[in-house]
Amino acid sequence: MRVQTFIQTGRQKVQQHSLGVRVMLLSDSSGGRTASRLADLGSLVDVTDDLDEAVATILEDPFGYDLFVMDCDGFGGVAGAERAIAALIAGAARMRVMLISAEFDVPAYPLGRRTAVCLPEDASDASFRLGLDHVLRDRAMMTMN
(Lines give C-alpha, C1' and ligand atoms only; values in the text may rest on other atoms or scores of the structure.)
Protein backbone atom coordinates (compact mmCIF):
# COMPACT_ATOMS: atom_id res chain seq x y z
CA MET A 1 0.00 0.00 0.00
CA ARG A 2 1.43 3.42 -0.97
CA VAL A 3 -0.06 6.50 0.63
CA GLN A 4 1.73 9.83 0.85
CA THR A 5 1.03 12.26 3.68
CA PHE A 6 1.35 16.02 3.29
CA ILE A 7 1.52 18.59 6.07
CA GLN A 8 2.76 22.15 5.77
CA THR A 9 3.74 24.82 8.25
CA GLY A 10 3.13 28.54 7.89
CA ARG A 11 -0.55 28.04 7.15
CA GLN A 12 -3.03 30.80 6.58
CA LYS A 13 -5.75 31.53 9.15
CA VAL A 14 -8.48 28.91 8.83
CA GLN A 15 -11.79 28.10 10.46
CA GLN A 16 -11.40 26.22 13.75
CA HIS A 17 -13.36 23.24 12.42
CA SER A 18 -10.83 22.91 9.57
CA LEU A 19 -7.72 22.41 11.71
CA GLY A 20 -6.38 18.88 11.87
CA VAL A 21 -8.92 17.46 9.45
CA ARG A 22 -7.83 14.01 8.25
CA VAL A 23 -8.28 13.90 4.50
CA MET A 24 -7.96 11.02 2.05
CA LEU A 25 -7.19 12.61 -1.32
CA LEU A 26 -7.57 10.53 -4.45
CA SER A 27 -5.53 12.31 -7.10
CA ASP A 28 -3.34 11.44 -10.05
CA SER A 29 -1.05 14.27 -8.95
CA SER A 30 0.27 13.54 -5.44
CA GLY A 31 2.00 16.89 -5.06
CA GLY A 32 -0.63 18.82 -6.97
CA ARG A 33 -2.76 21.85 -6.36
CA THR A 34 -5.49 20.10 -4.35
CA ALA A 35 -3.02 18.53 -1.91
CA SER A 36 -1.29 21.87 -1.41
CA ARG A 37 -4.56 23.73 -0.87
CA LEU A 38 -5.77 21.21 1.70
CA ALA A 39 -2.46 21.28 3.60
CA ASP A 40 -2.36 25.09 3.49
CA LEU A 41 -5.80 25.14 5.11
CA GLY A 42 -4.67 23.00 8.04
CA SER A 43 -5.59 19.50 6.88
CA LEU A 44 -3.56 16.34 7.36
CA VAL A 45 -3.61 14.92 3.85
CA ASP A 46 -3.01 11.33 2.79
CA VAL A 47 -2.75 11.06 -1.00
CA THR A 48 -3.10 8.03 -3.23
CA ASP A 49 -3.47 7.59 -6.97
CA ASP A 50 -5.40 4.31 -6.79
CA LEU A 51 -9.17 4.27 -6.27
CA ASP A 52 -9.30 0.81 -4.72
CA GLU A 53 -6.44 1.69 -2.38
CA ALA A 54 -8.17 4.90 -1.30
CA VAL A 55 -11.42 3.08 -0.51
CA ALA A 56 -9.63 0.25 1.31
CA THR A 57 -7.53 2.69 3.36
CA ILE A 58 -10.63 4.64 4.38
CA LEU A 59 -12.57 1.51 5.33
CA GLU A 60 -9.66 -0.07 7.25
CA ASP A 61 -8.48 3.05 9.09
CA PRO A 62 -9.02 2.62 12.84
CA PHE A 63 -9.35 6.36 13.53
CA GLY A 64 -11.50 7.32 10.56
CA TYR A 65 -11.01 10.05 7.99
CA ASP A 66 -13.00 13.28 8.24
CA LEU A 67 -13.14 13.91 4.51
CA PHE A 68 -12.71 12.19 1.16
CA VAL A 69 -11.58 14.50 -1.65
CA MET A 70 -11.32 13.28 -5.23
CA ASP A 71 -9.70 14.93 -8.23
CA CYS A 72 -12.17 13.20 -10.53
CA ASP A 73 -10.67 13.92 -13.96
CA GLY A 74 -7.86 11.37 -13.62
CA PHE A 75 -10.33 8.63 -12.66
CA GLY A 76 -13.10 8.80 -15.24
CA GLY A 77 -14.63 12.13 -14.23
CA VAL A 78 -17.97 12.27 -12.45
CA ALA A 79 -18.72 8.65 -13.41
CA GLY A 80 -15.52 7.62 -11.59
CA ALA A 81 -16.59 9.66 -8.56
CA GLU A 82 -19.93 7.85 -8.54
CA ARG A 83 -18.08 4.51 -8.47
CA ALA A 84 -15.87 5.67 -5.59
CA ILE A 85 -18.82 6.93 -3.56
CA ALA A 86 -20.76 3.71 -4.25
CA ALA A 87 -17.79 1.69 -2.95
CA LEU A 88 -17.64 3.81 0.22
CA ILE A 89 -21.39 3.41 0.78
CA ALA A 90 -21.12 -0.36 0.22
CA GLY A 91 -18.41 -0.44 2.89
CA ALA A 92 -20.63 1.52 5.31
CA ALA A 93 -18.32 4.56 5.36
CA ARG A 94 -20.17 7.66 6.51
CA MET A 95 -18.08 10.67 5.70
CA ARG A 96 -17.95 14.05 4.03
CA VAL A 97 -17.05 14.19 0.33
CA MET A 98 -15.64 16.91 -1.92
CA LEU A 99 -15.33 16.32 -5.68
CA ILE A 100 -13.20 18.38 -8.06
CA SER A 101 -13.67 18.09 -11.82
CA ALA A 102 -13.53 20.05 -15.06
CA GLU A 103 -17.02 18.64 -15.69
CA PHE A 104 -18.47 21.01 -13.09
CA ASP A 105 -19.26 24.47 -14.47
CA VAL A 106 -19.85 26.18 -11.12
CA PRO A 107 -19.27 25.28 -7.48
CA ALA A 108 -22.09 23.43 -5.72
CA TYR A 109 -22.45 23.72 -1.96
CA PRO A 110 -25.48 21.51 -1.19
CA LEU A 111 -27.26 21.72 2.14
CA GLY A 112 -27.65 17.97 2.70
CA ARG A 113 -25.15 16.52 5.15
CA ARG A 114 -24.47 13.45 3.03
CA THR A 115 -24.16 15.22 -0.31
CA ALA A 116 -20.85 16.04 -1.96
CA VAL A 117 -19.48 19.54 -2.40
CA CYS A 118 -18.60 19.82 -6.10
CA LEU A 119 -15.98 22.26 -7.37
CA PRO A 120 -14.76 23.02 -10.89
CA GLU A 121 -11.13 22.08 -11.49
CA ASP A 122 -10.29 25.76 -11.99
CA ALA A 123 -12.09 26.96 -8.83
CA SER A 124 -10.50 29.95 -7.16
CA ASP A 125 -8.75 29.63 -3.81
CA ALA A 126 -11.72 31.43 -2.22
CA SER A 127 -14.20 28.94 -3.72
CA PHE A 128 -12.03 26.03 -2.58
CA ARG A 129 -11.85 27.41 0.95
CA LEU A 130 -15.61 28.02 0.98
CA GLY A 131 -16.15 24.44 -0.22
CA LEU A 132 -13.95 23.05 2.55
CA ASP A 133 -15.64 25.18 5.19
CA HIS A 134 -19.05 24.15 3.87
CA VAL A 135 -18.36 20.42 3.79
CA LEU A 136 -16.96 20.58 7.35
CA ARG A 137 -19.63 22.92 8.74
CA ASP A 138 -21.06 20.29 11.11
CA ARG A 139 -17.71 18.88 12.25
CA ALA A 140 -17.39 19.14 16.01
CA MET A 141 -14.19 20.61 17.38
CA MET A 142 -12.15 18.29 19.54
CA THR A 143 -10.49 19.79 22.60
CA MET A 144 -8.09 18.20 25.04
CA ASN A 145 -8.06 19.18 28.72
Colleague: Does V135 form a side-chain contact (heavy atoms from CB on, under 4.5 Å) with V69? I'd like the steps, not just the answer.
Modeller: CA-CA 11 Å; V135 78; V69 178; over 6 Å; no
Colleague: With no hydrogens and no angle check, is any side-chain donor or acceptor of R137 less than 3.5 Å from a backbone partner on H134?
Modeller: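 A pair under 3.5 Å: yes.
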Colleague: Is a side-chain donor or acceptor of S43 paired with a backbone partner of A39 at a separation under 3.5 angstrom?
Modeller: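 The answer is no, because no donor-acceptor pair under 3.5 Å joins these two groups.
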Colleague: Which residues satisfy the side chain to side chain contact (heavy atoms under 4.5 Å, CB included) test with L88, sequence neighbours excluded?
Modeller: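 For L88 the side chain to side chain contact (heavy atoms under 4.5 Å, CB included) partners, ignoring immediate neighbours, are V55, I58, F68, A93, M95.
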Colleague: For a quick test of reading the model, state the closest non-hydrogen atom pair linking M70 to L51 and the distance between them.
Modeller: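 Here M70 and L51 meet closest at CE-CD1, 4.2 Å.
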Colleague: Quick one: side-chain hydrogen bond (donor to acceptor under 3.5 Å, both in side chains) partners of D28, sequence neighbours excluded?
Modeller: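 Not a single residue meets the side-chain hydrogen bond (donor to acceptor under 3.5 Å, both in side chains) criterion with D28.
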Colleague: Can you tell me how far the CG atom of L67 sits from the CE atom of M24, to the nearest 0.5 Å?
Modeller: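 One finds 11.0 Å between CG of L67 and CE of M24.
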Colleague: Can you see which heavy atom on L132 is nearest to which on M98, and at what distance?
Modeller: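 Looks like N-SD, 4.0 Å.
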Colleague: Looking at CG of D46 and CG of L26, how far apart are the two atoms once the value is rounded to the nearest 0.5 Å?
Modeller: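 D46 CG to L26 CG: 12.5 Å, rounded to 0.5 Å.
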Colleague: Would you mind telling me which of T115, D133, L119 makes a side-chain contact (heavy atoms from CB on, under 4.5 Å) with Y109?
Modeller: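 Result for side-chain contact (heavy atoms from CB on, under 4.5 Å) with Y109: L119.
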Colleague: Using 0.5 Å steps for rounding, measure from the CG atom of D122 to the CD1 atom of I100.
Modeller: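 These two atoms lie 11.5 Å from each other.
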Colleague: With sequence neighbours left out, write down each residue that passes salt bridge (charged side-chain N to carboxylate O under 4.0 Å, His left out) with D61, or none if nothing qualifies.
Modeller: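 In terms of salt bridge (charged side-chain N to carboxylate O under 4.0 Å, His left out), with neighbours along the sequence ignored, D61 is linked to R22.
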Colleague: Identify the heavy atoms of V45 and V47 that sit nearest to each other, and give their distance.
Modeller: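 Answer, listing the atom of V45 first, then V47: CG1-CG2, 3.7 Å.
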Colleague: Pair up each side-chain donor or acceptor in residues 72-84 with any protein partner under 3.5 Å, not counting sequence neighbours, and list the distances.
Modeller:
residue : atom : partner : partner atom : Å
D73     : OD1  : S101    : OG           : 2.7
D73     : OD1  : A102    : N            : 3.3
D73     : OD2  : A102    : N            : 2.9

Colleague: Grab the two heavy atoms, one from R33 and one from E121, that are nearest each other, plus how far apart they are.
Modeller: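 Result for this residue pair: NH1-O, 3.7 Å.
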Colleague: Could you work out, with side chain to side chain contact (heavy atoms under 4.5 Å, CB included) as the rule, every residue matching S124, not counting sequence neighbours?
Modeller: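 Expected list: A126, S127.
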Colleague: How many angstroms lie between CG in D71 and OG1 in T34, if you round to the nearest 0.5 Å?
Modeller: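 The distance works out to 3.5 Å.
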Colleague: Roughly how far, to the nearest 0.5 Å, is OH of Y65 from OG1 of T57?
Modeller: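 Interatomic distance, T57 OG1 to Y65 OH, rounded to 0.5 Å: 6.0 Å.
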